[in-house]
Amino acid sequence: SQGQDVILAEGRVARIARRSEVGYYPGMGIEVTSMRRGDGKKLREFLKNKFCNYRHALELKKMYLELKGMAGRLYDIEQSYEHAEHFKKVIESSIAEIDHIAHILDREVWEVKTL
């Protein structure tokens, strides 16, 4: 699939998480019981990249939410400080641009949660 090597492994369900533990649909933990030689390294690299993307997506989403919070706070300041409107326009423009691609952040988070 998309030029990536296939990883063959056998495993067993080691744990099933309840919805109350994870906050979304239940997940499970898999214990790998056997794997082809060399596939362990491929699997570790795949997971390392996926979790790195996950951490970055969470960090970017946090920044995005902070930016939206700033826009709200600027509304109050704008009422008493005439130049605040310039800051507000820049922030609102940035939020509008990010809104168009915010689904990418959600996709990265979703992919890790479905592993």
Side-chain angles (χ1 to χ4, degrees):
S1 57
Q2 298 181 358
Q4 295 178 347
D5 293 331
V6 174
I7 297 172
L8 294 177
E10 291 183 16
R12 69 175 190 83
V13 175
R15 181 176 186 280
I16 297 177
R18 293 184 303 275
R19 177 183 215 116
S20 61
E21 292 178 275
V22 292
Y24 53 96
Y25 57 88
M28 68 177 72
I30 304 294
E31 176 185 359
V32 175
T33 56
S34 69
M35 186 178 295
R36 288 186 316 195
R37 184 180 305 252
D39 278 355
K41 182 177 179 182
K42 290 181 211 173
L43 182 59
R44 282 190 297 278
E45 189 63 28
F46 168 79
L47 292 173
K48 176 183 166 193
N49 289 337
K50 191 53 70 180
F51 284 111
C52 181
N53 289 346
Y54 174 73
R55 285 191 304 275
H56 289 158
L58 288 179
E59 185 176 347
L60 287 169
K61 193 165 189 168
K62 180 181 174 191
M63 291 167 66
Y64 169 63
L65 293 174
E66 288 172 359
L67 194 59
K68 288 185 104 160
M70 288 171 65
R73 291 191 306 272
L74 273 169
Y75 177 79
D76 295 334
I77 294 172
E78 185 180 25
Q79 304 304 313
S80 61
Y81 184 67
E82 64 183 87
H83 300 295
E85 70 182 78
H86 301 295
F87 289 100
K88 189 168 187 258
K89 286 179 185 175
V90 169
I91 288 174
E92 286 176 344
S93 173
S94 298
I95 289 171
E97 288 185 38
I98 294 170
D99 278 341
H100 292 298
I101 60 166
H103 66 279
I104 294 171
L105 301 176
D106 290 332
R107 177 71 184 182
E108 286 295 332
V109 171
W110 178 83
E111 284 182 359
V112 169
K113 287 182 176 180
T114 59
L115 283 177

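Side chains included, hydrogens not; waters and symmetry mates left out as well; all remaining heavy atoms used.
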What is the distance from atom CG of Leu65 to atom CG of Leu60, rounded to the nearest 0.5 Å? 11.0 Å
With Lys42 via side-chain contact (heavy atoms from CB on, under 4.5 Å) - residues at least two apart: Asp5, Ile7, Arg36, Asp39
Quick check: closest heavy atoms across Ile30 and Gly11, and the distance to 0.1 Å? CG2-CA, 4.4 Å
Got a donor-acceptor contact below 3.5 angstrom from the Ser94 side chain to the Val90 backbone? yes
Considering all heavy atoms, the nearest Leu67-Ile95 contact: O-CD1, 3.7 Å
What are the two closest heavy atoms between Gly40 and Met35, and how far apart are they? N-SD, 3.1 Å
With Ser34 via side-chain contact (heavy atoms from CB on, under 4.5 Å) - residues at least two apart: Glu10
Can you tell me how far apart CZ (Arg44) and CG (Asn49) are? Round to the nearest 0.5 Å. 13.0 Å
How many angstroms lie between atom CZ of Arg73 and atom CD1 of Ile91, to the nearest 0.5 angstrom? 8.5 Å
Roughly how far apart are Leu43 CG and Leu8 CG, rounded to 0.5 Å? 11.5 Å
Distance check, rounded to the nearest 0.5 Å: Arg12 atom CZ versus Thr33 atom OG1? 8.5 Å
